[in-house]
Amino acid sequence: MSTTAVNLRQSRAAAFWYSNTGKKIVMAVTGAILFIFVIGHMLGNLQIFQGPERINSYGRFLHNLGEILWAERIVLLSAVVLHIIATVQLALRNKAARPIGYSRRDAINSSYASRTMYWSGPIVLAFVIFHLLHLTAGMIVPGAAFIEGDVYHNVVSGFQVWWVSAWYILAVCLLGLHLRHGIWSMFQSVGVNHPRYMPLLKQAAMWIAAVIVLGYISIPISVLLGLVK
Amino acid sequence: MTIDSKIPSGPIEKAWEKTRFDLKLVNPANKRKHTLIVVGSGLAGASAAATLGELGYNVKCFCFQDSPRRAHSIAAQGGINAAKNYQNDGDSVYRLFYDTVKGGDFRAREANVYRLAEISVHIIDQCVAQGVPFAREYGGALTNRSFGGAQVSRTFYARGQTGQQLLLGAYQALERQVRAGTVAMYPRTEMLDLIVIDGKARGIITRHLVTGEIETHFADAVILGTGGYGNVYYLSTNAKGSNATAIWRAHKRGALFANPCFTQIHPTCIPVSGDYQSKLTLMSESLRNDGRIWVPLKKGDKRPPNEIPEAERDYYLERRYPSFGNLVPRDVASRNAKAVCDEGRGVGETGLGVYLDFSDAIARLGRHVIEERYGNLFDMYQRITDEDPYKVPMRIYPAIHYTMGGLWVDYLLQSTIPGLFVIGEANFSDHGANRLGASALMQGLSDGYFVIPYTVGNYIASNKFPKVDASHPEAQAAISCVQQITDKLLSIKGKRTVDSFHRELGKIMWDYCGMSRNAESLKTAIGQIRALREEYWQNVNVPGSDNDINQSLEKAGRVADFFELGELMCIDALQRNESCGGHFREEYQTPDGEAQRDDEHYSYVAAWGWRGQGNSPELFKEPLEFHYVHPSQRSYK
Amino acid sequence: MKLTLKVWRQKSPGEKGAFVTYPMDNVNPDMSMLECLDVLNESLSARGEEPVAFEHDCREGICGSCGFMINGVAHGPERATTVCQLTMRHFKDGEELLIEPWRAYSFPLIKDLVVDRRAFDRIIAAGGYVSVSTGNAPEANGIPVGKEVADRAMDAAACIGCGACVAACPNAAAALFTGAKVAHLSVLPQGKVEANRRALAMVAQMNEEGFGNCTNIGECTGVCPKSIPLEVIARMNRDFLRASFKRREEPLATITPVYDWKEKTE
């Protein structure tokens, strides 16, 4: 090596976005936003066990937030978009980084969850689109008619269709897998890793992911078992 | 030719300071107009190239590896000495100087050694500033250990990877200069000849190891930091690629070769296990701080070590050297190991090994302490031998490790060819007949960071450099000489592989010019080497071509040089009718089997001049004078 | 013992490569993987065939020259071991070993098992040092460095630059290598001074080289001969993040990667 030719890079923000490390930080931050949403959404949904009144009034409460709801939706949507754009760009770079593949490569140190982020992510996305069309927009109506404002009815009638529940359970399990790696990984991406706390964080990630999965799937399962009617 | 060592007059404490003042300086603005070639990127080469780059010279640095960071300095384990006296245990520049001259068995130049000791303290400062993570005390101060027979703790270390960390420091400094544009790095490029024009070193011929291209590079001075020649023995602790080609071809262009027979045998290596063996693995000498060395009292005792009772063990170093015990210098420890094995008391399947036993230390200090001190070494031993040294004693045996000899240089590190400077292990200057532990790293960095920048500057400032290019007849002659060797090697297409010749040469050298030598065996060796060389040039088989990576061809050229160098080593050993340091002549020993020096007749540096193939080399003697440390029989009893 | 080696042979980057099968009848369990290749090469040479080109030098696990994939794992089945110290006793009699070079865009193949790793040198050249010229140094004990800090720096500095991390990473990322140098220098007071500049420069160079990105999965640390922890990557990310906000100077220039060997400066 003897050349030290120089390419000038763009502005600071552009340079940040251009670099892999910068994009990963964007993914971590957007991931964190979506994670918080996932928690909030679950806590909201679990109110279904407290009866139709409770969950329907929660739905009205959210709708009455007006601009705040839209602000939240915009934040979430931007997070999703950025998360996806960064992922796609990084995935393309990763592909380019190894143009000739191995004839054999064994994984010896990584978790199943971490290796399947590229699968779990898009499937969860597909589910989210379905889910919005089903329960927010009412454009997909698998069960009894969609009643605007009657969250309880819409949920229960939807989940009484076995494949809706199955699809939901599958997607939530994949979401759990995604989070099991994502929860600690976002700390790593923004530079937080301590040999004493990282193993605890990884443990915690697993438990949190498990709780989220259980929390969400308790709803369709209860509906299918007839506990929630 | 007369050789002038240029040792400054006056008191030794002021010699280097005075010299530095006397050396001429190059105008800062002119430095970039001067191109300097540095061959080798180990501690000496990388530190020299980086420092010369920092000063503003236009530097070209060459290494045969894929990256300068691979140079074999990286494998040094134990540490680096410096006379900091941080431990308040009575160390000083003078004591380090004294120990090194004495340890070298009074065959080194006092002035060089004094300078080395003086500079040692600056090396530590420099390395710490570069971010070398030396071991520390809890309070944040640097810590030391005692090493290799020194009675003060002056060795700085970074776990068992001191060489690695120092080399990475120098490598990083080098890469910084590459970035700055002052150093151009040429990896995978091997120097095959020196271009001497009008009596001055003006460039080198290289072969690119990927494209096979033969290239010329010109400069105003050439600095060789290409390491030692231990691989003449085939099996050594050197890297497989370590070779003598650069210094040997410079020797054939007129540089004298000094003390070639001074080779160091390291006492603590993992013994040879089979004839496939490609190299020997060193276990750090620091192990001797806690391990006890023994062999069974009885010959041919094949019982497992743990079944041999205390009374039937011979802790021979402790018995023979009560005051130093297991910590005697390397040459003494190695020779004694060979002696007990020659008596038939060696251990292991081959009978070439002695035990290094930690059971007492584990009982005294607890396993965790031993683990903390030597954990990585124990792991390495287990990885290689599949034996657990916490439970069974290690088996060790001496192996070729370092070569004190090398190209002759004066006090300014210039060889007998003006403009050709030689640094680090490649020169002969500082260690006499035996090198003390943790001194090689010190010398490499001292030469590279703190000596060569001044002395090369002086040479540049004192000479004129007419422009030369590849059309010069000397350059053309060197190119065709290199091309001929390559063509010849590829065209022989004989029956034997390069490695089989190299192994055989190594065996001759080890058997006859190894840990102990005698006139008879040396003569035998010379005869055998000549015959083998003859055969080599008729019967070697080098497959492949010369226009891509051809590792057989690379080896073939290096082995060709090892034959000639091996012969010179034997000639030198034969000429030196005394025992000193690593050179043990069986005819010259004290009644109790210690090395017997002959200061009256052999207190000189033997510098050999090449007189062409088939002619015996010419011997020049540089007398050694000792004004400060008076030669005495080394005693470690 | 008997083994079958399936070795990737490729004469040059332009030519097509393929696995070639070599049965080995007389493998000593005590020999290293490289010595096993030596034995193979001796027999190939004796037959007048070209030996397998592979990189090696110190053969004691520290120079970082050697390395290839054995059965899909960088440096083979033993953890924290380079192929030069991997003894054959770790394989079963009769086993087949698939030997393949490192594969990454930034490590172009040169021949057989030899790849070009100059990208690593350029990442170091971009900023992997303390900018202190010879002679600048203060007294070594002038700045105290706590033992824990020194140990942490040493853990990261142990990297041998072999490239196994890149080879094992599904994304061919160089985060562990780069992170190791960033972490080594930025935890020490000597290196902290220019930590921001270093992180930005080294990360920028790492991108410029075309390495993939880190997905925090940890394959790299699993194959690393020196067991460098993932923590160093977090350190790099943190330094990069902080530097991106803090640094006041102009954006950084990177070094243009050169893969050609004919590039001349004269």
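Just so we're on the same page: letters track the sequence lines, and every chain starts at 1.
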For [X], which atoms come within 4.5 Å of any heavy atom of chain C: side chain, backbone, both, or neither?
X: His208(B); answer: side chain
X: Gln177(B); answer: neither
X: Ser73(B); answer: neither
X: Thr211(B); answer: side chain
X: Phe156(B); answer: neither
X: Gln77(B); answer: side chain

Under 3.5 Å, is there a donor-acceptor pair between the side chain of [X] and the main chain of [Y]?
X: Arg70(B); Y: Gly64(C); value: yes
X: Glu35(C); Y: Ser278(B); value: yes
X: Asp57(C); Y: Gly241(B); value: yes
X: Gln126(B); Y: Ala140(C); value: no
X: His184(C); Y: Val132(B); value: no
X: Glu175(B); Y: Gly128(C); value: no

Could you look at [X] and say if it's the side chain, the backbone, both or neither that has a heavy atom under 4.5 Å from chain B?
X: Ala158(C); answer: both
X: Leu34(C); answer: neither
X: Val115(C); answer: backbone
X: Val145(C); answer: both
X: Val193(C); answer: neither
X: Glu49(C); answer: backbone

[X] and [Y]: which non-hydrogen atoms are nearest, and at how many Å?
X: Pro133(B); Y: Met154(C); result: CG-SD, 3.7 Å
X: Tyr171(B); Y: Phe120(C); result: OH-O, 4.2 Å
X: Pro543(B); Y: Gly48(C); result: CB-O, 4.4 Å
X: Arg69(B); Y: Cys159(C); result: NH2-O, 3.2 Å
X: Ile384(B); Y: Arg89(C); result: O-NH2, 2.7 Å
X: Asn141(C); Y: Leu142(B); result: OD1-N, 2.9 Å

Step through the shown structure and confirm whether more than 12 heavy atoms of other residues, nucleotides or ligands are within 6.0 Å of [atom1] on [X].
X: Lys2(C); atom1: NZ; result: no
X: Arg197(C); atom1: CZ; result: no
X: Glu387(B); atom1: CD; result: yes
X: Glu372(B); atom1: CD; result: no

Between chain C and each of [options], count heavy-atom pairs under 4.5 Å; write down the option with the most.
options: Thr281(B), Ile124(B), Thr385(B); result: Thr385(B)
options: Gln164(B), His72(B), Gln130(B), Gln161(B); result: Gln164(B)
options: Asn550(B), Asp386(B), Leu168(B); result: Asp386(B)
options: Glu54(B), Arg188(B), Arg176(B); result: Arg176(B)

Any donor-acceptor N or O pair under 3.5 Å, side chains Arg383(B), Thr87(C)
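No, no side-chain donor-acceptor contact under 3.5 Å.
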When you check the side-chain N and O atoms of Tyr276(B) and Asp30(C), is any donor under 3.5 Å from an acceptor?
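Tyr276(B) vs Asp30(C): no donor-acceptor pair found between side chains.
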The single option from Asp66(B), Ile549(B), Leu209(B) passing side-chain contact (heavy atoms from CB on, under 4.5 Å) against Val114(C):
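The passing option is Ile549(B).
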Interface residue of largest heavy-atom contact number with chain B, from [options], under 4.5 Å:
options: Lys111(C), Gln85(C), Arg59(C), Gln190(C); result: Arg59(C)
options: Asp38(C), Thr81(C), Val39(C); result: Thr81(C)
options: Ser65(C), Gly191(C), Ala153(C); result: Ser65(C)

Can you measure from SG (Cys58(C)) to CG (Leu282(B)) and round to the nearest 0.5 angstrom?
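Rounded to the nearest 0.5 Å, the SG-CG separation comes to 11.5 Å.
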Once rounded to the nearest 0.5 Å, what's the spacing between atom CE of Met31(C) and atom OG of Ser273(B)?
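Those atoms lie 8.5 Å apart.
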Salt bridge (Lys or Arg N to Asp or Glu O under 4.0 Å) pairs, two or more places apart, involving residues 120-143 of chain B:
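As it turns out, the salt bridge (Lys or Arg N to Asp or Glu O under 4.0 Å) pairs with a partner in residues 120-143 of chain B, which skip direct neighbours, are Lys84(B)-Asp125(B).
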Evaluate side-chain contact (heavy atoms from CB on, under 4.5 Å) for Glu213(B) paired with Trp261(C), printing each intermediate quantity in order.
CA-CA 10 Å; Glu213(B) 248 175 288; Trp261(C) 292 102; over 6 Å; no
Flag side-chain contact, heavy atom, 4.5 Å: [X] against [Y]:
X: Arg117(C); Y: Ser67(B); result: no
X: Gln172(B); Y: Lys181(C); result: yes
X: Met185(B); Y: Asp121(C); result: no

Under-4.0 Å salt bridge between [X] and [Y]:
X: Glu60(C); Y: Lys279(B); value: yes
X: Lys11(C); Y: Asp548(B); value: yes
X: Arg159(B); Y: Asp155(C); value: yes

Salt bridge (Lys or Arg N to Asp or Glu O under 4.0 Å) against Glu209(C), all qualifying residues, sequence neighbours excluded
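Testing Glu209(C) for salt bridge (Lys or Arg N to Asp or Glu O under 4.0 Å), a comparison that skips the adjacent residues, returns Arg122(C).
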Non-hydrogen contacts under 4.5 angstrom with chain C: give the residues of residues 495-503 of chain B involved, or none if there are none.
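If one takes a 4.5 Å heavy-atom cut-off, the residues of residues 495-503 of chain B near chain C are Thr497(B), Asp499(B), Ser500(B).
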Residues of residues 130-137 of chain C with any heavy atom under 4.5 Å of a heavy atom in chain B
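Only Val130(C), Ser131(C), Val132(C), Ser133(C), Thr134(C), Gly135(C), Asn136(C), Ala137(C) of residues 130-137 of chain C have a heavy atom under 4.5 Å from chain B.
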